[in-house]
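It should be emphasised that the depicted structure is a prediction, and the values quoted were computed from it without experimental measurement. So that the names make sense, note that chain A is the first sequence line, chain B the second, and so on, each numbered from 1.
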Number of protein chains: 2
Amino acid sequence: MSSVRTIAKNIGVSVATVSRALNGKPNVNETTRQAVLAEAERVGYTLRRNDSQSRVLALAYTWEPGRVDYGGFDAALMRGILQGINEHRFDVNILNIFRDKSPDESYTSFFRRKGVSGAILRTSSDTREVCHDIAAEGFPSIVIADRFDEPEVNFIGSESRVESRKAVEHLIHLGHRRIGIGVHQVRDTDHEDRRAGYIDAIKAAGMELDPALIADIVADMDGGANAVTYFLSLPDPPTAFYFTDPLATLGALHRCRALGLQLPRDLSLVGFDDSDVRQHAFPPFTAVCQDAVQLGFESARWLTRLLSGQTSGSLRRLVPTRFEINQTTAAPPNKAPSLDDSRNRG
Amino acid sequence: MSSVRTIAKNIGVSVATVSRALNGKPNVNETTRQAVLAEAERVGYTLRRNDSQSRVLALAYTWEPGRVDYGGFDAALMRGILQGINEHRFDVNILNIFRDKSPDESYTSFFRRKGVSGAILRTSSDTREVCHDIAAEGFPSIVIADRFDEPEVNFIGSESRVESRKAVEHLIHLGHRRIGIGVHQVRDTDHEDRRAGYIDAIKAAGMELDPALIADIVADMDGGANAVTYFLSLPDPPTAFYFTDPLATLGALHRCRALGLQLPRDLSLVGFDDSDVRQHAFPPFTAVCQDAVQLGFESARWLTRLLSGQTSGSLRRLVPTRFEINQTTAAPPNKAPSLDDSRNRG
DNA sequence: TACTCTTGGTGTAACTGTTTCGGTAGCGGT
DNA sequence: ACCGCTACCGAAACAGTTACACCAAGAGTA
């Protein structure tokens, strides 16, 4: 019931001015523009066009473009999305809410303006509120790799706490007593899960929880590499590590090799994997594995089915991860490795 | 000058009927629909809406969705695209021409209907004609990883023939005389380049070009692994390989390890890399490297600048690849490896 | 046979938002 | 006082879609 014409009538301007104001065109007085935007917000204006039939999904990033690195997780996610959209022949549009949503407009209006009818949301620890607001507006959406208490927020993610605990318990079972963890310094839900799983295992085994063995790292190869050096420089260094990120795991592997350490003879290493990276590395590393392709596929399929009227209700799902033992875990050596040892050896 | 109203007038129906016919809505006689579509094609009808201002790029696949695997190359490409679109705040939409373009409509009409104003085209050996047709229509587009003689087709790709020759000459210089190549069985331009570079090097060195040493493989890990087994089962097996695909290289590495062969002591291996896979493997493999991120970035930046009026003309560019020596190439062993040797050793 | 009732197909008109064109008001220069 | 430029805005025409009425033809029924 609210069109550009009602807005125009309400504040006493022409539809042309309203249209120009809403689209950021030049030649409109700033005062007038603000009045139009305010009135549009008041009456809950949304662009009404043929987009009721638009069959486009958004993969929407909630943080600034400079921080969107589109790494292995996003790539695997997209791979799944591209499979999931085919059942109902949707397209997928990559959007950036942070970059493009104007503060005045609602999320629904934003997505309508972009011509998408549903959104797969990528969130981070500091943008969870955005996801909640989108769901509260009733816009069809699903959050990837996070979870929410509010029942109106749909999400699909991985449950990695239990398998992380299993991974650390595997190390304990092998005989390790000093186990370091390198976890992403940005405290999102996934990495907090893995940290919690680590703590669960340590406490359940009655072992001491040493804060020095918990390293907040940057989740890339350098971060993993530096963590290895840090751990080995401790007075009482760990004999095993758990890294909660694929790239960090690779970096740790490389640093170990550079230090002349042989896995799993001198050190044990459990990593994390989104896709097939563990199989590309050498040795193929023992890892907690989540299937990002599956997350993309299921989210896209559910959303397209929802928008096609084939289903209703919510999707709030945690897919279990899988702990996979490969070739980087074994019993600890008689003497714990240290930086000095490795230097002498190399 | 051609709108739904002119079409309606030309064939004597109402605009409503034309609109319904063009959008595949029900309640329109099949004969009438065909007449509308024919007339629309005749007058070159394209949807005229706000799309003059649409700031959306397509990443368009020209082949069927089932064959779109969205592997490492596509992921790196998208990574670059997402950087390249930010300068002019474009969005990117992933389309599938094969799936969605109706036979009656022009490519321009298709892209307009999808709401994109420019297209980055992914092609394969059997869809080059599509790219040419799109360029011939004058629609702003650029083809990734291929090249064309027709001056109206824009493209950006990698030149891998010269560096492939360099790679094989590197092996020859190390003393190898029997060198196998595993090349993608689908004969697209890129892989044909690498095949040609291999032949260049062999011929320039005055060596025999043995067809048995050229293996047409599937470009995945199994393909690479099987090629190793095939090569080593030859009566006079090669002492070095060149694989023209990252996954095939990884598969070859794994198979070598599984056979108990140590690189580069027992065998030399040159691979190909799109991104950072060579650094993830062990040993980090010597490789011809192309920067897929750069291809995505430059194509997106050029296209967005073109559409923003900041530039005109064409982009027809071949980016040189780079031959990078890592740890999988050395002088050949005294005795060529064979399957029997490896089995005994293992 | 005559009378509903349904349904596929169509046109009119009203709806959506955008854009062109022209006009007004204000300001500065001569 | 006059001219010219520019920012701003409205009327009207443009684009395509859709709700609604209508009509013809067929099916069913008294």
Option among L121(B), T127(B), I94(B) that satisfies the side-chain contact (heavy atoms from CB on, under 4.5 Å) test with Y61(B): I94(B)

Please tell me if K25(A) has a side-chain N or O lying less than 4.0 Å from either OP1 or OP2 of dT18(C). no

Spacing of L22(A) atom CG relative to dC9(D) atom P, expressed in whole Å: 14 Å

In whole Å, what is the span from the CG atom of N27(B) to the C1' atom of dA24(D)? 14 Å

Interatomic distance, R33(A) CZ vs dC9(D) C1' [rounded to whole Å]: 13 Å

Can you tell me whether the side chain of R20(A) and the base of dG17(C) have a donor-acceptor pair closer than 3.5 Å? no

I need the CD-P distance between E30(B) and dT10(C), as an integer number of Å. 11 Å

Given dA15(D), dT10(C), dA19(D), which nucleotide is nearest the side-chain atoms of N29(B)? dT10(C)

Does dT16(C) have OP1 or OP2 sitting under 4.0 Å from an N or O in the side chain of S3(A)? yes

Please pick, from dT18(D), dT18(C), dG17(C), the nucleotide with the shortest atom-to-atom distance to any side-chain atom of Y45(A). dG17(C)

Run the salt-bridge test on R301(A) and E87(A) with the 4.0 Å N-O cut-off and return the result as yes or no. no

Go through the N and O atoms of the side chain of R5(A) and the base of dG17(C), and report whether any donor-acceptor pair is under 3.5 Å. yes

So CZ of R5(B) and OG of S14(B): to nearest 0.5 Å the spacing works out to 10.5 Å

Of L295(B), I120(B), D146(B), the one forming a side-chain contact (heavy atoms from CB on, under 4.5 Å) with I156(B) is L295(B)

Can you see if the side chain of T32(A) gets near the phosphate of dC9(D) - specifically, an N or O under 4.0 Å from OP1 or OP2? yes

Using a cut-off of 4.0 Å on non-hydrogen atoms, how would the nucleic acid contact of V18(B) be classed: base, sugar-phosphate, or nothing? nothing

Nucleotide nearest S19(B) when distance is taken to its side chain, options dG10(D), dT18(D), dT10(C): dT18(D)

Given dG10(D), is OP1 or OP2 found less than 4.0 Å from the side-chain N or O atoms of T17(A)? yes

Please give, in whole Å, the distance from dA15(D) P to K9(B) NZ? 11 Å

For F139(A) and F111(A), what are the C-alpha separation, side-chain angles and deciding distance, and is it a ring pair (Phe, Tyr, Trp, His ring centres under 6.0 Å)? CA-CA 9 Å; F139(A) 188 80; F111(A) 285 122; 4.5 Å; yes

